[in-house]
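Here the structure is laid out as C-alpha cells; the discussion comes afterwards.
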Amino acid sequence: MIQASNITLRFGKKALFEEVNIKFTEGNCYGIIGANGAGKSTFLKILSGELEPTQGEIITTPGERLSVLEQDHFKYDDCVVLDTVIMGNQRLYDIMKEKDAIYAKEDFTEEDGIRASELEADFATMNGWEAESDAATLLNGLNIDTELHYKQMSELSGSEKVKVLLARALFGNPDILLLDEPTNHLDLDAIRWLEEFLINFENTIIVVSHDRYFLNKVCTHTVDIDYAKMQLYAGNYDFWYESSQLMIKQMKEANKKKEEKIKELQEFIQRFSANASKSKQATSRKRALEKIELDTLRPSSRKYPYVDFKPDREIGNEVLTVTNLSKTIDGEKVLDNVSFTVGHDDKIAFVGSYGIAATTLFQILAGEMEPDEGDYKWGITTSQAYFPKDNTKDFAGTDTIVDWLMPYSPEKDATYVRGFLGRMLFSGDDGLKKVNVLSGGEKVRVMLSKMMMLGANALIMDEPTNHLDMESITSVNNGLIKFPGIVLFTSQDHQFIQTIANRIIELTPNGMIDKVTTYDEYLDSDEMARKRQALS
C-alpha cells in the first residue's frame with residue numbers, strides 16, 4: 001500500500017496539487033490521467049520520494065519495495081545489460097556483489113565465512129539463484145536478444161535501452177511499481193507483452209500513459225488530475241470518460257431544473273409580493289429561492305486542438321503503385337523487393353517491430369530518399385503531405401512559427417496564420433515563438449498545421465502521435481477517421497490503428513504481409529500469426 005496524505009505542491013504562488021488524499025492498494029493498477037502540465041509525472045516523483053511536497057506526506061507499508069521506471073537512458077551506460085536489470089532489486093544486487101567479493105579473496109577468514117553464510121541465506125530467501133534467468137526472461141519478453149544480455153548498455157540503441165530500463169523496473173516482483181509512459185518507444189509486440197505482464201502482476205501498479213488502449217487493458221482504477229484536485233474512479237479509461245461525461249450531463253440537467261424553479265419562484269415573488277393575501281406565500285418562496293444553489297460547472301483544463309484534414313481535390317482511382325522497392329542502409333537491407341498497390345479508399349497501417357523499414361519506405365515515397373532498386377508512381381490526381389518521425393531538421397532554423405508556416409498557408413497573411421494556430425492551441429503571442437525552442441508536442445502541432453494547410457489528399461504519417469497528450473491524440477485520431485483521402489501511417493497506439501486503418505501491412509526482415517482487415521482481427525487471426533512466425 002502507498003498513500004498520499006494531504007499532499008500539496010506549490011511552485012511560487014501556483015498550486016499544482018492541493019490537499020490530495022488518495023490510497024493505492026495491492027492488486028490494483030491505477031492509471032493517472034490529466035492534461036499536459038496537470039502534474040502526472042510530478043505526482044509520480046512525489047510518490048517515489050524524488051520530489052518533496054510543499055506539505056503532506058507519502059505513507060507506504062513498512063518493508064515494501066518500490067520500483068520506478070528510470071527516464072535517464074544514459075545512466076547505466078557503464079553497466080552490463082543483465083546487471084542493469086538485476087539492479088532493479090538493489091538489495092539483491094548488493095548481496096550478489098558482496099558475496100562474489102568475499103569468495104574472490106585469497107585469504108578467506110572465519111569472519112568471511114560467517115558473513116558469506118549470512119549473505120547466502122539472504123540470497124536464497126530473495127530467489128537470488130533465479131535472478132539471472134528471471135532477468136533474461138524479462139529481456140526476452142521485450143525482444144532484447146540473448147546475445148545483447150552481456151553487452152554494455154552503451155552498445156545498445158535508444159529503443160533497446162528503454163526496454164532494458166523497463167525490465168529493470170519490473171524485475172524482482174516489486175511491491176509498488178511506478179511507471180511513467182512505459183509504452184514510449186516500444187514496438188507493438190513489446191507493448192502486448194507488457195500488457196499481459198501487468199494484467200498478471202499481483203501487487204500495486206501506478207502508471208502514467210497517453211495510450212488509451214493500454215490504459216483500458218491494464219487499469220482497474222483511474223485517477224483524474226484536473227484543477228489541482230484528484231478524483232479516483234473505479235474502472236479503466238473508458239469507464240472514467242463515460243462516468244465523467246455522465247456526471248457533467250447530470251449536473252447540467254440538475255442546474256437546468258433548478259434554473260426553471262428559480263425563474264418560477266422569481267415570477268411568483270415579483271407578481272404577488274405587494275399582494276397582502278399572498279404575502280406569506282411570497283415570503284415562503286423567497287426563503288425557498290435562497291436555498292437553491294446551482295452546481296458549479298468548471299470547464300475542464302483539458303484542451304483539444306482542432307484537427308481537420310480537408311483535401312483540395314478528390315482523389316482518383318489510381319493512387320500509388322510500388323514496384324520491387326529495395327534499399328540498403330549502413331550495410332543492412334531494410335527494404336527488399338517491396339511491392340503493393342494503394343486504392344482510393346485505403347487507410348493503411350504499417351505495423352511490426354521492424355520500424356526502420358516503414359520509415360525508410362515513407363522517406364522514399366515522400367521524395368526524401370532514393371531507392372536502390374525498383375520504383376513507385378503516384379496517381380496524377382494525388383497530392384502528398386508527409387509527417388516525418390524525426391522532425392529535427394525541419395525545426396533547426398530560428399523562424400517564428402508564423403513565418404515557418406507562411407509558405408504553406410493558402411493565404412499569405414499573418415493574421416490568418418495566427419488564427420489557424422489558435423485552433424491548434426497556440427494562443428496570443430505563441431505564434432511568435434522560435435521553432436527551434438518548441439517542445440516535442442508543440443512541434444507536432446505545428447507539423448500537423450502545415451499538413452492541414454497543404455490540403456493534400458494523400459497523407460504519409462510516421463508516428464504522428466509521439467509527444468502528444470491524450471487530448472491531441474484524440475483530435476488527430478478523429479481527424480484521420482473522417483479524412484476522405486488515403487493515409488499511410490505508423491503508430492504504436494493500438495486504438496489509433498484500430499479506429500483508422502482498414503488495411504494492415506507488416507514489413508519484416510524476411511518479407512511482407514498485406515491484409516485488408518482491422519488491426520484487432522489481424523492480431524487475432526491464426527493465419528496471420530502463422531505468417532508472422534514464418535517470416536520472423
Side-chain angles (χ1 to χ4, degrees), residues 157-159 185 187 309 311-313 315-344 346-397 399 404-405 407-408 435-436 443-444 446-448 450-451 453-464 466 485-492 501 503-514 535:
S157 67
S159 61
H185 308 292
D187 55 74
F309 301 100
D312 293 336
R313 64 184 297 187
I315 204 163
N317 288 327
E318 292 186 8
V319 180
L320 172 65
T321 302
V322 176
T323 307
N324 299 326
L325 276 189
S326 294
K327 183 68 179 179
T328 298
I329 298 177
D330 296 330
E332 180 185 2
K333 198 160 194 176
V334 295
L335 294 176
D336 187 8
N337 259 357
V338 173
S339 300
F340 59 90
T341 301
V342 178
H344 72 282
D346 280 343
K347 292 182 178 178
I348 306 174
F350 289 77
V351 304
S353 57
Y354 197 50
I356 188 174
T359 294
T360 303
L361 174 64
F362 286 0
Q363 288 174 324
I364 292 173
L365 298 180
E368 296 202 346
M369 181 184 290
E370 290 294 324
D372 296 334
E373 300 173 29
D375 56 34
Y376 64 94
K377 182 181 178 181
W378 286 101
I380 58 173
T381 63
T382 65
S383 55
Q384 302 85 41
Y386 173 50
F387 183 103
K389 179 184 290 188
D390 182 0
N391 57 33
T392 305
K393 64 181 178 65
D394 296 279
F395 296 103
D399 285 344
W404 191 91
L405 280 174
Y408 312 108
V435 294
N436 60 347
K443 288 177 180 177
V444 171
V446 172
M447 187 64 74
L448 291 170
K450 169 190 169 182
M451 297 185 76
M453 287 179 171
L454 288 173
N457 54 25
L459 305 180
I460 307 169
M461 308 185 81
D462 198 357
E463 301 284 2
N466 281 0
I486 70 115
V487 187
L488 311 179
F489 71 100
T490 64
S491 177
Q492 302 303 326
R503 179 177 170 189
I504 305 295
I505 291 180
E506 181 170 354
L507 300 172
T508 80
N510 302 308
M512 184 181 89
I513 305 170
D514 185 351
L535 289 172

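Numbers for residues simply follow the sequence, beginning at 1. Hydrogens, waters and symmetry mates play no part in the numbers below; they use all other heavy atoms, side chains included. What you see is a predicted model, and the numbers here were worked out from it, not measured in a lab.
In this structure, Leu361 and Leu325 have side chains that are in contact, with non-hydrogen atoms separated by less than 4.5 Å. Residues Asn324 and Glu373 form no side-chain contact, since every pair of their non-hydrogen atoms from C-beta on lies 4.5 Å or further apart. Looking only at side-chain heavy atoms (C-beta outward), Met512 and Phe340 come within less than 4.5 Å of each other. You'll find the side chain of Leu365 reaches within 4.5 Å of the side chain of Val322, heavy atoms only. With contacts defined as side-chain heavy-atom distances shorter than 4.5 Å, the pair Leu488/Leu320 qualifies. Residues Val342 and Ile348 meet the side-chain proximity criterion, which asks for heavy atoms closer than 4.5 Å. Residues Tyr386 and Ile460 are in side-chain contact: their nearest non-hydrogen atoms beyond the backbone lie under 4.5 Å apart. A 4.5 Å side-chain heavy-atom check between Val446 and Lys443 finds every atom pair outside the cut-off.
Note that the CE atom of Met451 and the CD atom of Gln384 stand 10.5 Å from one another [nearest 0.5 Å]. Between the CG atom in Leu335 and the CG atom in Leu507 there is a gap of 7.0 Å [rounded to 0.5 Å]. Atom CD in Gln492 sits 8.0 Å away from atom CG in Asn466 (nearest 0.5 Å). With rounding to the nearest 0.5 angstrom, the NZ atom of Lys389 is 14.0 Å from the CE atom of Met461. Taken to the nearest 0.5 Å, the CG atom of Asn391 stands 12.5 Å off from the CD atom of Glu463. To the nearest 0.5 Å, the span separating CD on Glu318 from NE2 on His344 amounts to 12.0 Å.
A search for ring pair (Phe, Tyr, Trp, His ring centres under 6.0 Å) contacts involving Phe489 returns Phe496, not counting sequence neighbours. Remark: Phe387 engages no residue in a ring pair (Phe, Tyr, Trp, His ring centres under 6.0 Å) (not counting sequence neighbours).
Aromatic ring orientation, Phe362 versus Phe350: perpendicular (interplanar angle above 60°, classes split at 30° and 60°).
Not one N or O on the side chain of Asn457 forms a donor-acceptor pair closer than 3.5 Å with the backbone of Pro311. A donor-acceptor pair under 3.5 Å is formed between the side chain of Thr381 and the backbone N or O of Gly316. Using a distance-only test at 3.5 Å, with no hydrogens or angles considered, a donor-acceptor pair links the side chain of Asp390 to the main chain of Thr392. Of the possible donor and acceptor atoms, one in the side chain of Lys327 sits under 3.5 Å from a partner among the backbone N and O of Glu370. Trp404 places no side-chain N or O within donor-acceptor distance of the main-chain N or O of Lys450, the cut-off being under 3.5 Å. A distance-only check finds no donor-acceptor pair linking the side chain of Thr382 to the backbone of Trp378 [under 3.5 Å].
Across Ser326 and Asn337, no two heavy atoms sit closer than the pair OG-N, 2.9 Å. The minimum heavy-atom distance between Ile486 and Gly343, with the atom names listed, is CG2-O, 3.4 Å.
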Query raised in the report: Given the rule in the side-chain contact (heavy atoms from CB on, under 4.5 Å) test, do Thr360 and Ile329 qualify, once you have shown the distances and angles that lead to the verdict?
Result: CA-CA 9 Å; Thr360 303; Ile329 298 177; 3.6 Å; yes
Requested in this report: Could you please spell out the steps behind the side-chain contact (heavy atoms from CB on, under 4.5 Å) verdict for Tyr376 and Thr321?
Outcome: CA-CA 6 Å; Tyr376 64 94; Thr321 302; over 6 Å; no
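Judged by distance alone, the side chains of Asp462 and Thr490 do bring a donor and an acceptor atom under 3.5 Å apart. Judged by distance alone, the side chains of Asn510 and Thr508 never bring a donor and an acceptor atom under 3.5 Å apart.
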